[in-house]
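Just so you know, these numbers use all the heavy atoms, side chains as well, and skip hydrogens, waters and symmetry mates.
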Amino acid sequence: MSGFLAGLCVAVLPLLATGFWLGRRTARPENLGGLGTPVEHATFETLHTASLAAPPLRAGLTGETARKSARRLRTLLGTDALCLTDQDTVLAWDGLGEHHRTEIMERLGSPLETGRGEAFRLKCDEPDCSLRWAVVAPLTVDDRVHGALVACAPRESAVLVRAAGEVARWVSVQLELADLDQSRTRLIEAEIKALRAQISPHFIFNSLAVIASFVRTDPERARELLLEFADFTRYSFRRHGDFTTLADELHAIDHYLALVRARFGDRLSVTLQIAPEVLPVALPFLCLQPLVENAVKHGLEGKTDKSHISITAQDAGAEALVVIEDNGTGMDPDRLRRILAGEVSPSGGIGLSNVDDRLRQVYGDEYGLVIETAVGAGMKITARVPKYQPGVHSAGPLPRE
């Protein structure tokens with residue numbers, strides 16, 4: 001979907017550049033210097049202006065984003081005035097004739113209802129106002145009209161009608177990308193909530209039972225475990241951004257393993273090998289702890305002999321390479337594939353599909369989990385995380401309460 005939108009942007013910009021050049025050429029001559037032909041010069045200016053207008057629009061259509069982008073959009077069209085509206089009001093006006101706000105909103109009923117552009121003559125008694133025509137181009141996202149771009153000019157112009165339509169299409173693409181970004185964020189938040197709900201009953205019950213078992217026999221040990229439990233749950237249920245650092249995630253895993261060791265004693269051994277240089281790497285919140293919990297489940301539950309879990313985090317150039325391996329019961333590879341595809345219940349594979357989905361959403365399909373397993377052969381999970389990804393930033397350490 002995003003590839004299609006990007007292609008649409010590329011297709012629209014040359015048309016905008018042509019309209020921009022025609023408007024500028026008739027308005028005033030320019031000294032092009034060594035920048036090339038007039039069309040090349042116009043293309044450069046159009047791309048530059050569009051790049052400045054795009055960032056605000058990627059946050060959606062609001063009064064603030066409309067005000068930040070209106071002047072750039074008016075520059076693209078080379079018109080005397082331009083306004084952006086939603087369904088109910090003018091969000092921003094740039095240029096002359098702002099007293100036409102009410103008249104324009106009164107005339108937007110049909111374009112906003114049908115999604116079709118329209119041009120009409122403006123009524124004005126102001127002697128100094130040069131605006132006589134308005135061109136309305138609806139802004140649509142997923143076939144829903146969110147508002148309109150209205151360009152005002154001294155005279156009727158077929159070129160302006162076409163150019164306004166193309167600019168409105170480009171704005172609509174930016175709004176659709178904003179909608180996709182918001183949907184992605186909502187999906188990630190929903191998946192984190194689902195993961196918390198999945199982990200919580202299983203882990204909380206067992207942890208409290210272990211702590212309770214030490215209350216009379218070893219009160220100091222019970223106190224230490226209660227602090228570990230408090231720190232882990234505080235991290236897991238925080239509302240402090242969608243991303244964290246590898247250091248914070250490993251710290252939460254340490255709290256989790258302290259509680260697991262208290263439950264299973266010397267049946268569990270853990271080896272950690274962490275490269276210090278990857279500790280600041282930002283990654284999706286709660287994307288490693290569920291993998292460790294999965295290793296505990298397959299490594300300990302249902303077994304009577306000792307189990308081992310190894311956790312390594314290595315510097316791999318532009319990426320951090322995290323490997324979590326256990327010598328537990330393993331899993332049938334076909335069942336694993338069905339779990340990751342969402343075809344069967346993930347019981348027995350806590351959080352695997354959730355983590356795999358979130359890594360792919362944030363970094364792309366090539367960054368999904370790599371899992372090696374077989375029945376009775378343990379499980380090895382490899383996660384690759386880019387050291388830098390646009391939009392992926394840790395919210396910082398949790399504020400102390």
Colleague: Do Arg162 and Glu166 sit within salt-bridge range, that is, some charged N less than 4.0 Å from a carboxylate O?
Modeller: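 No, Arg162 and Glu166 are not salt-bridged.
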
Colleague: Which residues pass the ring-ring contact (aromatic ring centres under 6.0 Å, His included) test with Tyr367, sequence neighbours left out?
Modeller: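 Expected list: Tyr363.
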
Colleague: Taking all non-hydrogen atoms of both residues into account, name the closest pair between Leu122 and Ala134 and its distance.
Modeller: CD2-CB, 3.9 Å

Colleague: Is there side-chain contact between Leu226 and Ile211, with at least one heavy-atom pair below 4.5 Å?
Modeller: yes

Colleague: Checking side chain to side chain contact (heavy atoms under 4.5 Å, CB included) for the pair Ser69/Gln174: CA distance, chi angles, key distance, verdict?
Modeller: CA-CA 11 Å; Ser69 60; Gln174 304 309 310; over 6 Å; no

Colleague: Is any side-chain heavy atom of Phe264 closer than 4.5 Å to a side-chain heavy atom of Leu259?
Modeller: no

Colleague: Which heavy-atom pair separates Cys152 from Thr79 by the least distance, and what is that distance?
Modeller: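 In this case the closest contact between Cys152 and Thr79 is O-OG1, 2.6 Å.
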
Colleague: Got more than 12 heavy atoms from elsewhere within 6.0 Å of CD, Glu113?
Modeller: no

Colleague: So Val292 and Tyr256, do their side chains get closer than 4.5 Å, heavy atoms only?
Modeller: yes

Colleague: Drop me the distance from Trp170's CH2 to Leu76's CG, to the nearest 0.5 angstrom.
Modeller: 6.5 Å

Colleague: Can you tell me if Arg101 uses its side chain to pair, donor with acceptor, with the backbone of Cys83 under 3.5 Å?
Modeller: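 No.
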
Colleague: Closest heavy-atom contact between Gln314 and Ala275?
Modeller: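 Closest approach of Gln314 to Ala275, heavy atoms only: CA-CB, 4.3 Å.
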
Colleague: Heavy-atom count check: over 12 atoms from other residues, nucleotides or ligands less than 6.0 Å from Arg155 CZ?
Modeller: no

Colleague: Might you point out which heavy atoms bring Pro219 and Val215 nearest each other, and give the distance in Å?
Modeller: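 That would be CG-O, 3.4 Å.
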
Colleague: Start with the C-alpha gap between Ser310 and Gln273, add the side-chain angles, then the distance that decides, and say whether side chain to side chain contact (heavy atoms under 4.5 Å, CB included) holds.
Modeller: CA-CA 8 Å; Ser310 68; Gln273 186 176 1; over 6 Å; no

Colleague: Rounded to the nearest 0.5 Å, how far apart are CG of Leu82 and CG of Leu73?
Modeller: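 With rounding to 0.5 Å, CG (Leu82) is 6.0 Å from CG (Leu73).
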
Colleague: Do the side chains of Val270 and Arg261 get nearer than 4.5 Å, heavy atoms only?
Modeller: yes

Colleague: For His251, does the NE2 atom sit with more than 12 other heavy atoms under 6.0 Å from it, leaving out its own atoms?
Modeller: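 It does not: His251 NE2 has 12 such atoms or fewer within range.
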
Colleague: Minimum heavy-atom separation for Ala66 to Leu91, with atom names?
Modeller: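 Looking at all heavy atoms of both residues, the closest pair is CB-CB, 3.7 Å.
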
Colleague: Atom CD1 of Ile309 and atom CD of Glu293: how far apart are they, to the nearest 0.5 Å?
Modeller: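 Answer for the CD1-CD pair, Ile309 versus Glu293, is 10.5 Å.
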
Colleague: Are Arg116 and Pro138 close enough that some pair of their side-chain heavy atoms sits under 4.5 Å apart?
Modeller: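 Sidechains of Pro138 and Arg116: no contact.
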
Colleague: Measuring from His308:NE2 to Asn327:CG, what's the distance to the nearest 0.5 Å?
Modeller: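 Going from NE2 on His308 over to CG on Asn327, the span is 7.5 Å.
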
Colleague: Where the side chain of Arg67 meets the backbone of Asp94, is there a donor-acceptor pair that is under 3.5 Å apart?
Modeller: no

Colleague: Got a sec, which residues hit ring-ring contact (aromatic ring centres under 6.0 Å, His included) with His146, two or more places apart in sequence or on another chain?
Modeller: none

Colleague: When rounded to the nearest 0.5 angstrom, what is the spacing between NZ in Lys380 and CG in Asp326?
Modeller: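 Spacing of NZ (Lys380) from CG (Asp326) equals 12.0 Å.
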
Colleague: Could you walk me through whether Glu319 and Val385 pass the side chain to side chain contact (heavy atoms under 4.5 Å, CB included) test, one step at a time?
Modeller: CA-CA 5 Å; Glu319 299 172 342; Val385 179; over 6 Å; no

Colleague: Could you tell me whether a side-chain N or O of Ser172 sits under 3.5 Å from a main-chain N or O of Leu139, the two making a donor and an acceptor?
Modeller: no

Colleague: Side-chain contact test, heavy atoms from C-beta onward, threshold under 4.5 Å: evaluate it for Ile311 versus Ile253 and give yes or no.
Modeller: yes

Colleague: Around Glu366, counting heavy atoms of other residues, nucleotides and ligands shown, do more than 12 lie under 6.0 Å from its CD?
Modeller: yes

Colleague: With a 4.0 Å cut-off, would you call Arg74 and Asp80 a salt bridge?
Modeller: no

Colleague: Any donor-acceptor pair under 3.5 Å linking the side chain of Arg132 with the backbone of Pro154?
Modeller: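 Answer holds: no.
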
Colleague: For Leu352 and Leu336, run side chain to side chain contact (heavy atoms under 4.5 Å, CB included): C-alpha distance rounded to whole Å, both residues' side-chain angles, the deciding distance at 0.1 Å, then the answer.
Modeller: CA-CA 9 Å; Leu352 287 181; Leu336 174 63; 4.0 Å; yes

Colleague: Measure the shortest side-chain to side-chain distance between Leu279 and Thr245 over non-hydrogen atoms and say whether it is less than 4.5 angstrom.
Modeller: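 A side-chain contact under 4.5 Å is absent here.
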
Colleague: Can you see which heavy atom on Cys124 is nearest to which on His100, and at what distance?
Modeller: CB-CE1, 3.5 Å

Colleague: Would you say Lys387 has more than 12 foreign heavy atoms packed within less than 6.0 Å of its NZ?
Modeller: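 Atom NZ in Lys387 is packed in, count exceeds 12.
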
Colleague: Would you confirm whether Asn294, through its side chain, and Val296, through its main-chain N or O, come within 3.5 Å as a donor-acceptor pair?
Modeller: no

Colleague: Is Arg223 paired with Glu220 through a side-chain N to carboxylate O contact shorter than 4.0 Å?
Modeller: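 Yes.
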
Colleague: Does a salt bridge link Arg337 with Asp334, judged by any charged N lying under 4.0 Å from a carboxylate O?
Modeller: yes

Colleague: Is a side-chain donor or acceptor of Arg107 paired with a backbone partner of Thr102 at a separation under 3.5 angstrom?
Modeller: no

Colleague: Just by modelled atom types, is the Leu369 backbone N or O under 3.5 Å from a matching donor or acceptor in the Asp356 side chain?
Modeller: yes

Colleague: Once rounded to the nearest 0.5 Å, what's the spacing between atom OG1 of Thr382 and atom CD1 of Ile324?
Modeller: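 Output value for this atom pair is 9.0 Å.
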
Colleague: Are Glu325 and Met379 side-chain neighbours, meaning at least one heavy-atom pair lies under 4.5 Å?
Modeller: no

Colleague: Checking Thr373 side chain against Met331 main chain: does a donor-acceptor pair fall under 3.5 Å?
Modeller: yes

Colleague: Looking at Arg71, I want to see if its CZ is surrounded by more than 12 non-hydrogen atoms of other residues, nucleotides or ligands under 6.0 Å.
Modeller: no

Colleague: Distance-only, no hydrogens or angles: does the Glu249 side chain make a donor-acceptor pair with backbone N or O of Gln289 under 3.5 Å?
Modeller: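 Yes; judged by distance alone, with no hydrogens or angles, the pair exists.
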
Colleague: Keeping the roles fixed (side chain from Glu103, backbone from Lys123), state whether a donor-acceptor pair exists under 3.5 Å.
Modeller: yes

